[in-house]
Amino acid sequence: EVQLVESGGGLVQAGGSLRLSCAASRFAFDDDAIGWFRQAPGKEREGVSCISDSDGSTYYGDSVKGRFTISNDNAKNTVYLQMDSLKAEDTAVYYCAPLIYCSTVIMRLAVREYEDWGQGTQVTVSS
């Protein structure tokens, strides 16, 4: 069973930066990617970014392109989300989840069907 733990959230002013971490205790045999998702109060969960473990390919949602950068450290089994130029609308609880592979379709599928969400990490951006 895959176990993921999110950390790194906090309170930051608009324009500031945070780096989130997603630490995995183990991976399922057929999971090739890790995705970051977020859920703001009163809104549905949405996919933010993902990264493939096999080839390093990445995906970014339109709202974060050019501001967020996803990376992985395989030695530490950790995926990072560097968030720069933060905006008030980035305020949300951020979650990570394992994916079969990194793509827009798989991210949308995970939003609908993945059930083992962790506690997440709260990001609050003050304007």
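Owing to the predicted nature of the structure, the values given are computational and were not obtained by experimental measurement.
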Asker: In Å and rounded to the nearest 0.5 Å, what is the CH2 to CD distance from W36 to E46?
Answerer: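 Reported to 0.5 Å precision, the distance equals 14.0 Å.
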Asker: Report the relative orientation of the aromatic rings in F68 and Y94; use parallel for angles under 30°, tilted for 30 to 60°, perpendicular for over 60°.
Answerer: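 It falls in the tilted class, 30° to 60°.
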Asker: Between I34 and L4, is there a side-chain heavy-atom distance shorter than 4.5 Å?
Answerer: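 Yes - at least one pair of side-chain heavy atoms lies under 4.5 Å apart.
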Asker: For the pair E6 (side chain) and C96 (backbone), establish whether a donor and an acceptor sit closer than 3.5 Å, ignoring hydrogens and angles.
Answerer: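 Looks like yes, one N/O pair under 3.5 Å.
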Asker: What pair of heavy atoms forms the shortest contact from D32 to S52, and how long is it?
Answerer: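 Of all heavy-atom pairs spanning D32 and S52, the closest is OD2-OG, 2.6 Å.
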Asker: Hydrophobic clusters here meaning ILVMFWY residues chained together by side-chain heavy-atom distances under 4.5 Å, can you tell me if W117 and V93 are in one?
Answerer: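 Yes, because W117 and V93 connect within a single hydrophobic cluster, where side-chain heavy atoms sit under 4.5 Å apart.
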Asker: Can you list the steps and then say if M83 with D90 is a side chain to side chain contact (heavy atoms under 4.5 Å, CB included)?
Answerer: CA-CA 9 Å; M83 306 187 298; D90 294 318; over 6 Å; no
Asker: Is L81 reachable from L11 through a run of I, L, V, M, F, W or Y residues, each pair having side-chain heavy atoms under 4.5 Å apart?
Answerer: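 Cluster IDs for L11 and L81 differ.
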Asker: Quick check: does any side chain N or O of Y60 sit under 3.5 Å from a backbone N or O of I70, one acting as donor and the other as acceptor?
Answerer: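 A pair under 3.5 Å: yes.
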Asker: Quick one: do V111 and R108 satisfy side chain to side chain contact (heavy atoms under 4.5 Å, CB included)? Show the steps, please.
Answerer: CA-CA 5 Å; V111 167; R108 291 174 181 165; 5.7 Å; no
Asker: Provide the closest heavy-atom pair for K43 versus Q39 in the form atom of the first, atom of the second, distance.
Answerer: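 Minimum heavy-atom separation between K43 and Q39: O-NE2, 3.1 Å.
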Asker: Are the side chain of S21 and the backbone of Y80 linked by a donor-acceptor contact shorter than 3.5 Å?
Answerer: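 No: the side chain of S21 does not pair with the backbone of Y80.
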Asker: Specify the closest pair of heavy atoms between M107 and L99, including all atoms of both residues, with the distance to one decimal.
Answerer: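 The answer is SD-CD1, 3.6 Å.
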Asker: Provide the closest heavy-atom pair for A97 versus Y114 in the form atom of the first, atom of the second, distance.
Answerer: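 Answer, listing the atom of A97 first, then Y114: CB-CE2, 3.7 Å.
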Asker: Checking the side chain of D73 only, and the main-chain atoms of A75 only, is there a donor and an acceptor separated by less than 3.5 Å?
Answerer: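 Confirmed, D73 side chain pairs with A75 backbone.
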Asker: Got a second to check how far N74's CG is from D53's CG, nearest 0.5 Å?
Answerer: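 Interatomic distance, N74 CG to D53 CG, rounded to 0.5 Å: 4.5 Å.
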Asker: Any chain of hydrophobic side-chain contacts (each under 4.5 Å) joining F37 to I106?
Answerer: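 The answer is yes; both residues are in one hydrophobic cluster.
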Asker: Could you tell me whether the side chain of T91 and the main chain of V125 form a donor-acceptor pair under 3.5 Å?
Answerer: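 Yes, because the side chain of T91 sits within donor-acceptor range (under 3.5 Å) of the backbone of V125.
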Asker: For the residue pair T58 and C102, what are the closest heavy atoms and their distance?
Answerer: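 In terms of heavy atoms, the two residues are closest at C-SG, 4.0 Å.
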Asker: Closest approach of V64 and R38, non-hydrogen atoms and distance?
Answerer: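 V64 and R38 have their closest heavy atoms at CG1-NH1, 4.0 Å.
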